[in-house]
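In what follows, a structure is listed as structure tokens, so that the remarks can point back to it.
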Amino acid sequence: MTDGPTIHLAVALDGAGWHPAAWREHDAHPTELLTASYWRDLVLEAERGLLDFVTIEDSLGLQSTRFDGPDERVDQVRGRLDAVLIAARVAPLTSHIGLVPTATLTHTEPFHISKSIATLDYASEGRAGWRAQVSRPAENSHFGRRASRPFTLADYETPEAQAVIAESFDEAADYVEVVRRLWDSWEDDAEIRDVATGRFVDREKLHYIDFEGRWFSVRGPSIVPRPPQGQPLVTVLAHATVPYRLGARAADVVYVTPRDETDAAAIVAEVRREQEAAGRAAETVHVFGDLVVFLDESAAAARDRKARLDDAAGEELRGDAVVFTGTPVELADLLLAWRRAGLSGFRLRPGVAPRDLTAISRGLAPELAARGAFRRGYEADTLRGLLGLPRPANRYAARA
Amino acid sequence: MSKPIKQVHLAAHFPGVNNTTVWSDPAAGSHIEFASFRHFAQTAERGKFDFFFLAEGLRLREQNGLMYDLDVVGRPDTFTVLAALAAVTDHIGLTGTINSTFNEPYEVARQFASLDHLSGGRTAWNVVTSWDAFTGENFRRGGYLPQEERYARAKAFLAAALVLFDSWTGDEIVADQESGQFLRRPLPGAFEHRDAYFDISGHFNVPRGPQGRPVIFQAGDSDEGREFAASSADAIFTGHSTLEAGQAFYTDVKGRLARYGRARESLLVLPAATFVLGDTDAEAAELAHEVRLAQVSGQTAIRFLEQLWNRDLSDHDPDGPLPAVDPVVGENTIARGRASVRMFRDPVAVARQWRALAEAKNLTSRELIIEVTGRQTFVGSAATVAGAINDLVQADASDGFILVPHVTPGGLDSFVDTVVPLLQERGVYRTEYEGTTLRDHLGLPPLGAPTQAGERGQAAG
């Protein structure tokens, strides 16, 4: 038993798993990826493992091996369902696990996203979150409202591309601000149902948010009363300074992709500096490490399985996050080492769902619990509660 | 030759944010907690209803510059609630109102196609339009739409969404684990749509849903709205629930279908209807009057008068006669975020009618409002109500009704328990769901796959 701090665990769900050939495994369900029961079973498995939450990937364009638009491949999963709606579909069938769908903010309305996540919070009784995602420029033509400025990964470092990126993330910060204000635009006790005076609400407790920014103005209030958690969880995935800054300014959880323990410490330090610069030093901002995982009873078996998948895919799996192959015990060792580097949790991306998800829920989670580093039962009813985040005061409520 | 007996269609409208809903009733529950939606939808499914219906409003209403506080305020996001309801129901259709002005086709099509998968083919889209700058203040695109263009944009929006729904034909995913071929062809979902409002192209990323596309509903009553329904909708909502008005509307709308090469059965006419049940007709009538009193308090009556008079009448006595002054003509500046005020095309003439009625019947302002607004469609014993519903359907005043109970969430319970069995006994209402999709429930034939991407599969298109 260690007396060290405990670890938060999330799992990232995406199609048949994070390996492009995952759908070809004998225990994959490639024809069921668009069914409710497929997603229900995955989330119930994660809940069985007592995980903090699941994220659900999404995008406003087809999955692709290319950054700048769809590719011509026919050997990988293409097509998906709206992640917020998957989360809502699963919410009534689960009871403790957090549900954190991805929703793109570049072309959508903050008013709509605010009310959909608030409604997910009602449907799940306080377990909703949001992974805020900036759109890829190739998705612009699906909306036709912005000049198309697609650039390739090769152009990524050019000043033009960097300017577009910086602007997208500034817009994202404004967007999250609007979403958060709308969540607070009703005070908790705004609904009074006062039969004597005939008033359903106390209008003094409904607030305009009057946000005016470069990209949009939003008046408010929301049409949805303040959600059960007050502020549902906001999360972002970040790989560089500009998105770290967004996370530090706006999020409750930042997912990062360190190469090793030293890198993890450096990234955490950078996020903390940005957090301080944003005036949020006193608030809890979790920094989670993202890893793609292949878990088996022996390290060799995990390596072999991953190699077999690479062969099927025709190339080695590479991506933004470290790819781990090994046993749940070995992964536990690694997570605890990275935990000591300052990460407070991990978002694990199963190489193959449900197989690696099951190894997380039935192998890794009990292993960490045996070492005193993970829960043995759900200790809170809300997602914020599981993450040790208080229910925040409403920014518009009159101070007593 | 006798006319064939029609089957009655029933649907359930979750009580809304207007004075029909009696939130002060001791039995009234939450309008936002999921348990209320679950109870309501499951009750409707127990009654073998075609669908559950959810309205939408994107700005809290205001009157005299203040947020309106006399009715229920607050509601959930349409798509999210419907997706959650798909988890706790098995058969009932899930109809959501989604605005075509403050959304983009790509995102709306994604959400409906996703919902159709997640519900096993049970979704419908009530396409509404709005144009007002007041609602637009909540959106990045603002209130840019001239009122006269709202149907033009709605038609363009729907056309663009249909292109997206049909961008996948349904045979793309082969998922052959042996050969490693997931897609039959590369680059699925290719689409392109250009008109005065949209210029979009690329690849749609949600494969074709079980129904092909959601069932399309239309709710406008204007000439343009009727024409829009005749050209593009599978069902139309109306307020015409009496015999004469219903028959006139029914004949008019069905008569427009031939122009678009459509059969009369391809568009259902479904008026909204309220009801009060009692053990006897007399008891129901008494209850109905009590409900009306609860729906129209003195304060609510004043607010109604203001909506027509288009001026502040806060000092007016609801228990006295109607205001002596005439309504202010022109844009309604008193009541905002309320579609109903647009229905007062000639407020001075309406005020004149109301005065004449009040004088003839010796009514106070409040009594007049009780008389002229929102009287229940069906009042009586279960047998009386079942008979009235069936008579209206058989007389072609409608194809069925969308019931709007006045209490959340239990207001449908008694109807399902007492009226539905009587309709079943008459052989005019299903005893079990026969199909799985909402199209099945509505008697609409399945849509074929589009012959090629971007082309509609229905000849009617």
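Below, read A as the first sequence line, B as the second, and so on, with proteins coming before strands; counting in each chain starts at 1.
Heavy atoms closer than 4.5 Å to chain B are found in both the backbone and the side chain of A:Ser59. Both the backbone and the side chain of B:His31 come within less than 4.5 Å of a heavy atom of chain A. When heavy atoms are compared at a cutoff of 4.5 Å, B:Asn138 approaches chain A by way of both its backbone and its side chain. Using a 4.5 Å cut-off between heavy atoms, B:Gln181 contacts chain A through both its backbone and its side chain. If you measure heavy-atom distances from B:Val73 to chain A, the contacts under 4.5 Å come from both the backbone and the side chain. Using a 4.5 Å cut-off between heavy atoms, A:Asp121 makes no contact with chain B at all. When heavy atoms are compared at a cutoff of 4.5 Å, B:Leu118 approaches chain A by way of both its backbone and its side chain. A:Leu206 touches chain B through backbone and side chain together, each having a heavy atom under 4.5 Å away. Contact of B:Glu178 with chain A is made through the backbone alone, with heavy-atom distances under 4.5 Å. With a 4.5 angstrom heavy-atom cutoff, B:Ser297 does not touch chain A via any of its atoms. Within the 4.5 angstrom heavy-atom criterion, no atom of A:Ala312 approaches chain B. When heavy atoms are compared at a cutoff of 4.5 Å, B:Ala28 approaches chain A by way of both its backbone and its side chain. Of the two parts of A:Tyr175, only the side chain, counted from C-beta on, holds a non-hydrogen atom closer than 4.5 Å to a non-hydrogen atom of chain B. In this structure, the portions of A:Leu60 lying under 4.5 Å from any heavy atom of chain B include both its backbone and its side chain. Contact of B:Leu164 with chain A is not made at all, since no heavy-atom distance falls under 4.5 Å. Contacts of A:Ala28 with chain B are made by both backbone and side-chain atoms, with heavy-atom separations under 4.5 Å. Interface remark: A:Ile86 contributes backbone and side-chain atoms alike to the contact with chain B (heavy atom separation under 4.5 Å). Of the two parts of B:Tyr197, only the backbone, made up of N, CA, C and O, holds a non-hydrogen atom closer than 4.5 Å to a non-hydrogen atom of chain A. If you measure heavy-atom distances from A:Ser116 to chain B, the contacts under 4.5 Å come from both the backbone and the side chain. Heavy-atom distances place the backbone of A:Thr197, and not its side chain, under 4.5 Å from chain B. Looking at A:Glu125, neither its backbone nor its side chain comes within 4.5 Å of chain B, counting heavy atoms on both sides. Only the side chain of B:Glu62 comes within contact range of chain A, with at least one heavy atom under 4.5 Å from a heavy atom of that chain. Using a 4.5 Å cut-off between heavy atoms, B:Phe191 touches chain A through its side chain atoms alone. For A:Gln76, the part lying near chain B is the backbone, with the side chain staying farther off; criterion is any non-hydrogen pair under 4.5 Å. Neither the backbone nor the side chain of B:Leu82 comes within less than 4.5 Å of any heavy atom in chain A. The contact between B:Arg185 and chain A is made entirely by backbone atoms, counting heavy-atom distances below 4.5 Å. Of the two parts of A:Arg78, the backbone and the side chain both hold a non-hydrogen atom closer than 4.5 Å to a non-hydrogen atom of chain B. Heavy atoms closer than 4.5 Å to chain B are found nowhere in A:Asp202, neither backbone nor side chain.
Smallest separation of non-hydrogen atoms from B:Leu60 and A:Trp186: CD1-CZ2, 4.1 Å. Of all heavy-atom pairs between B:Ser201 and A:Ser141, the closest is O-OG, 2.7 Å. Residues A:Pro70 and B:His203 approach most closely at CG-ND1, 3.4 Å, considering heavy atoms. In plain terms, the two heavy atoms of A:Pro225 and B:Gly74 that are nearest each other are CD-CA, 4.3 Å. Considering every non-hydrogen atom in both B:Ala84 and A:Pro92, the closest pair reads O-CG, 3.5 Å. Nearest heavy atoms, B:Ser24 versus A:Val195: CB-CG2, 3.9 Å.
The candidate with the highest count of non-hydrogen atom pairs below 4.5 Å against chain B, out of A:Ala87, A:Gly220, A:Ser222, A:Gly144, is A:Gly220. Annotation: maximal heavy-atom pairing with chain B below 4.5 Å, among A:Ile117, A:Val77, A:Val218, A:Leu120, occurs at A:Val77. Most heavy-atom pairs under 4.5 Å with chain B: of the set A:Ala91, A:Ala123, A:Gly61, this distinction falls to A:Gly61. Interface check for chain B: of the options A:Leu33, A:Asp71, A:Thr108, A:Thr104, the most heavy-atom pairs under 4.5 Å are formed by A:Thr108. Annotation: maximal heavy-atom pairing with chain A below 4.5 Å, among B:Phe198, B:Phe79, B:Phe37, B:Phe182, occurs at B:Phe182. For the options A:Lys115, A:His142, A:Glu191, heavy-atom pairs under 4.5 Å to chain B are most numerous at A:His142.
Atom CD1 of A:Ile223 is separated from atom CG of B:Asp77 by 7.0 Å, given to the nearest 0.5 angstrom. A distance of 7.5 Å separates CG of A:Leu62 from CG of B:Leu187, quoted to the nearest 0.5 Å. A:Arg199 CZ to B:Leu70 CG: the interatomic distance, rounded to the nearest 0.5 Å, is 9.5 Å. Expressed to the nearest 0.5 Å, how far CZ of A:Arg145 lies from OH of B:Tyr106 amounts to 15.5 Å. Here the CE atom belonging to B:Met67 is positioned 8.5 Å from the CZ atom belonging to A:Arg203, to the nearest 0.5 angstrom. Separating the CG atom in B:Leu85 from the CZ atom in A:Arg89 is a distance of 10.5 Å, to the nearest 0.5 Å.
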Worked check of side chain to side chain contact (heavy atoms under 4.5 Å, CB included) between A:Arg80 and B:Val206 | CA-CA 5 Å; A:Arg80 61 175 13 137; B:Val206 182; 5.6 Å; no
Check the pair A:Tyr122, B:Phe34 against ring-ring contact (aromatic ring centres under 6.0 Å, His included), reporting the backbone distance first and the verdict last.
-> CA-CA 6 Å; A:Tyr122 277 103; B:Phe34 184 65; over 10 Å; no
Could you give me the CA-CA distance, side-chain angles and deciding distance for B:Asn103 and A:His112, then say whether side chain to side chain donor-acceptor pair (under 3.5 Å) is met?
-> CA-CA 9 Å; B:Asn103 282 294; A:His112 290 319; 3.0 Å; yes
Quick one: do B:His117 and A:Thr35 satisfy side chain to side chain contact (heavy atoms under 4.5 Å, CB included)? Show the steps, please.
-> CA-CA 6 Å; B:His117 282 287; A:Thr35 65; over 6 Å; no
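A distance below 6.0 Å separates the ring centres of A:Phe111 and B:Phe139.
Remark: side-chain polar atoms of B:Ser114 are not paired, donor with acceptor, to backbone N or O of A:Leu81 under 3.5 angstrom. Side-chain atoms of B:Gln177 come within 3.5 Å of backbone N or O of A:Glu25 as a donor-acceptor pair.
Between B:Arg140 and A:Asp174 there is no salt bridge, since none of the side-chain N atoms of the basic residue sits less than 4.0 Å from a carboxylate O of the acidic one.
Heavy-atom contacts from other residues, nucleotides or ligands closer than 6.0 Å to CD of B:Glu33 number 12 or fewer. Within 6.0 Å of the CD atom in A:Glu32, the count of heavy atoms belonging to other residues, nucleotides or ligands exceeds 12.
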